[in-house]
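Here is the structure we will look at.
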Amino acid sequence: MRPQADQPDGPDLDRLLAERGDQLMRAAVALAGSRADGEDLLQAALERLLRSRHRVETDLEGYLRRILYNLAADGWRRRAVGERRLRLIRSESSAADASPAPAVDLRDALVRLLAQLPPRQRTVIVLRFWAQLSAVETAQMLGCSEGAIKSAASRGLARLRELATQWREDANPPGRSPREADRQSLTGQLLEEPR
Amino acid sequence: MNDSLEDLIHDGIDQLTAGSTLPAGIADRARQKVRRRRNQVRATVAAGTAVAAVAAGIAVIAATSAGSAGTTPKTAVAPHPAPTVALLAKIERAIASKAGSAPVLQIKTTFPAGRVPVPPDPFSTVQFAQGGIARTTILWTRGNVLKVDWFNDKGHIEMENLATQKGTRGTGTNVDYLSRDWTQVPLNWFVYKKYIPRCTVLPLGPGEPKVWAPRTLAKEIKHALACGQVKVAGRQRVDGVDTIELAFASGHLKVPWYKMGRAVTHQTMWVGADSYLPVRYLSTLTFAAAKPGSPRSISTQSDFQWLPATKSALAKLRLIIPRGFRHDHPKTITVHLPARHK
């Protein structure tokens with residue numbers, strides 16, 4: 001008699017996805033920077049979860065999240081960073097022109113600029129400032145020291161400030177409109193280093 | 001409105017992710033991809049099964065390779081008389097002579113019970129051996145054909161793999177009794193021109209059938225013996241056969257996928273006192289920094305039989321697809337041999 005087929009996963013995963021799927025998807029989108037990439041990231045995490053089913057003993061969601069975060073931190077997908085940066089800056093400039101609210105522009109821009117950070121810094125920023133994990137929790141999730149997390153967060157924020165400044169300059173060529181001038185002013189105010 | 005950078009980031013990501021819902025069918029797509037990937041890997045047979053058959057053996061190779069690259073083992077076995085030149089010559093001659101008669105070499109390998117860390121892809125096949133499913137593999141090899149059967153701890157067959165090789169081309173066939181499907185893919189062997197034996201006992205790493213051929217085994221053992229890291233540990237009866245026990249100097253190595261730090265290796269080989277052919281090989285990895293729930297020590301035992309090329313022995317090298325099994329169609333893959341073969 002042959003042994004019974006061993007399913008790659010039980011109903012637990014389906015139950016988890018039914019109950020917490022949207023939250024997981026949000027986390028994936030946050031880490032990846034877009035919905036399409038978020039979907040790919042989440043699927044990659046699910047695949048890894050299915051492959052490592054023997055190692056999952058408790059807390060399926062925690063395990064899946066850990067995979068998700070680590071995939072993101074490890075730069076699960078390599079891209080042409082230069083091209084993407086250029087595209088982001090350009091699209092950001094055009095998007096800003098069409099946006100009626102400068103502060104909304106800036107939030108949107110920051111999210112886009114976030115995508116330019118190295119994967120680990122980006123993941124740390126998302127976990128610390130969006131998922132509201134403490135440095136200790138983030139360190140546990142990513143399997144590194146608390147100091148490394150603090151350092152990555154600090155460098156990430158600093159880099160974001162730099163990128164935002166560059167974004168502001170790129171978006172404000174000579175002969176800018178009054179609204180752009182307002183935006184620049186607001187951006188400069190918001191992105192000042194805390195004293 | 002919040003005016004700190006952190007708050008802006010938070011609000012921005014909130015805005016980005018708002019309304020994101022789980023795409024329909026994402027879990028099914030993931031399952032399908034894993035299944036396809038698994039079948040691809042399984043179908044590589046030699047690349048996977050040879051690893052799985054002797055997972056710990058890979059580590060041995062790593063250790064001995066490191067040793068040959070200049071790493072001196074930190075600990076050594078208790079002093080025993082070194083094998084005489086005559087004994088080494090007898091072992092070499094016996095294996096070479098046996099290889100010349102083109103036997104079917106059978107290696108039955110038993111893995112430790114329980115869960116042990118598994119290596120990442122492309123060695124995921126090891127999971128079947130190391131992840132608590134398969135406990136035993138039986139490998140048969142002759143010429144450019146390699147067949148491996150996998151059994152669980154109750155003795156039920158779980159998987160059959162067959163790999164053939166002709167130059168850089170070959171075919172990999174896998175029958176999976178768990179999912180009741182079978183796969184056949186062309187294999188593109190990435191064959192390195194130069195094959196470098198190391199100070200190891202067996203060609204236990206992943207590789208093409210040729211690497212597993214008795215002739216290569218003879219070459220490997222000869223080289224290992226020539227490395228001078230082997231001692232005669234005494235005489236012992238193994239499965240009713242009077243044997244000479246050869247203990248290899250222990251070494252230190254790091255097996256990346258175990259993620260448990262460095263391991264100390266212990267290797268022992270028993271050769272027939274009359275035939276001078278390998279009878280048993282035992283490899284043990286002991287991890288200083290084993291994770292909770294993981295065994296501190298992983299032992300893999302391989303028993304050798306040199307079968308004359310009779311009809312029944314040659315039949316071991318054939319794979320018959322059971323009726324009713326679904327045919328899965330993964331893509332062609334390229335098998336890259338490890339650095340050892342570079």
Side-chain angles (χ1 to χ4, degrees), chain A residues 1-9 13-14 17-18 20-30 33-35 38-39 42-55 57 103-104 106-112 114 125-126 128-132 157 160-161 164 189-191 193-194, chain B residues 1-38 41 115-118 120-121 124 127-128 130-133 151-152 154-158 176-181 259 291 293-294 322:
Chain A
M1 185 180 163
R2 301 293 182 207
Q4 290 291 311
D6 182 34
Q7 295 299 318
D9 60 289
L13 181 61
D14 290 326
L17 293 178
R20 304 280 302 158
D22 291 350
Q23 285 81 354
L24 288 164
M25 184 62 191
R26 283 192 71 189
V29 171
S34 74
R35 294 189 189 195
E39 184 176 338
L42 183 57
Q43 184 171 325
L46 286 170
E47 286 166 19
R48 186 163 289 194
L49 174 76
L50 292 170
R51 284 205 301 269
S52 57
R53 62 193 184 277
H54 297 296
R55 284 175 281 184
E57 294 182 354
V104 173
L106 182 58
R107 281 203 303 252
D108 188 43
L110 279 172
V111 171
R112 288 166 186 268
L114 191 61
I125 295 278
V126 170
R128 291 281 287 112
F129 304 122
W130 180 70
Q132 304 288 320
L157 287 176
L160 274 181
R161 286 194 180 90
Q189 182 186 335
L190 291 172
L191 296 182
E193 290 277 358
Chain B
M1 181 183 163
N2 296 324
D3 59 356
S4 77
L5 183 58
E6 291 87 340
D7 289 338
L8 283 169
I9 291 168
H10 181 272
D11 293 347
I13 296 176
D14 253 353
Q15 186 179 307
L16 171 74
T17 61
S20 295
T21 54
L22 189 73
I26 190 170
D28 289 338
R29 287 196 294 278
R31 286 188 183 102
Q32 192 177 16
K33 206 167 170 185
V34 168
R35 180 190 177 85
R36 196 162 285 274
R37 165 77 179 156
R38 189 188 62 195
V41 174
R115 292 175 178 161
V116 295
V118 297
D121 288 338
S124 59
Q127 189 164 331
F128 298 102
Q130 299 277 301
I133 302 178
F151 301 89
N152 64 14
K154 291 176 182 168
H156 295 302
I157 190 164
E158 293 193 330
D176 186 340
Y177 288 93
L178 298 179
S179 56
R180 297 178 63 81
D181 58 24
K259 294 181 179 173
K291 291 180 179 176
S294 295

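Naming convention: chains lettered A, B, ... in sequence-line order (proteins, then strands); numbering from 1 in each chain. Owing to the predicted nature of the structure, the values given are computational and were not obtained by experimental measurement.
Heavy atoms of A:Leu114 lying under 4.5 Å from chain B belong exclusively to its side chain. Contacts between A:Gln23 and chain B at a heavy-atom distance below 4.5 Å are absent for every atom of the residue. Looking at A:Val29, both its backbone and its side chain come within 4.5 Å of chain B, counting heavy atoms on both sides.
Looking at residues two or more places apart in sequence or on another chain, you find a salt bridge (Lys or Arg N to Asp or Glu O under 4.0 Å) between A:Arg26 and B:Asp14.
Side-chain polar atoms of A:Gln43 and A:Glu39 form no donor-acceptor pair below 3.5 angstrom.
Across every non-hydrogen atom of B:Ile13 and A:Ala30, the tightest pair is CG2-CB, 3.4 Å.
Taking CG of B:Asp11 as the start and CG of A:Leu110 as the end, the distance is 10.0 Å to the nearest 0.5 Å. Summarising the geometry, atom CZ belonging to B:Arg31 is positioned 4.5 Å from atom CG belonging to A:Asp14; distances are rounded to the nearest 0.5 Å.
No other option in B:Glu6, B:Arg29, B:His10 has as many heavy-atom pairs under 4.5 Å with chain A as B:His10. Heavy-atom pairs under 4.5 Å with chain B were tallied for A:Ala18, A:Ala28, A:Gly21; the largest tally goes to A:Gly21.
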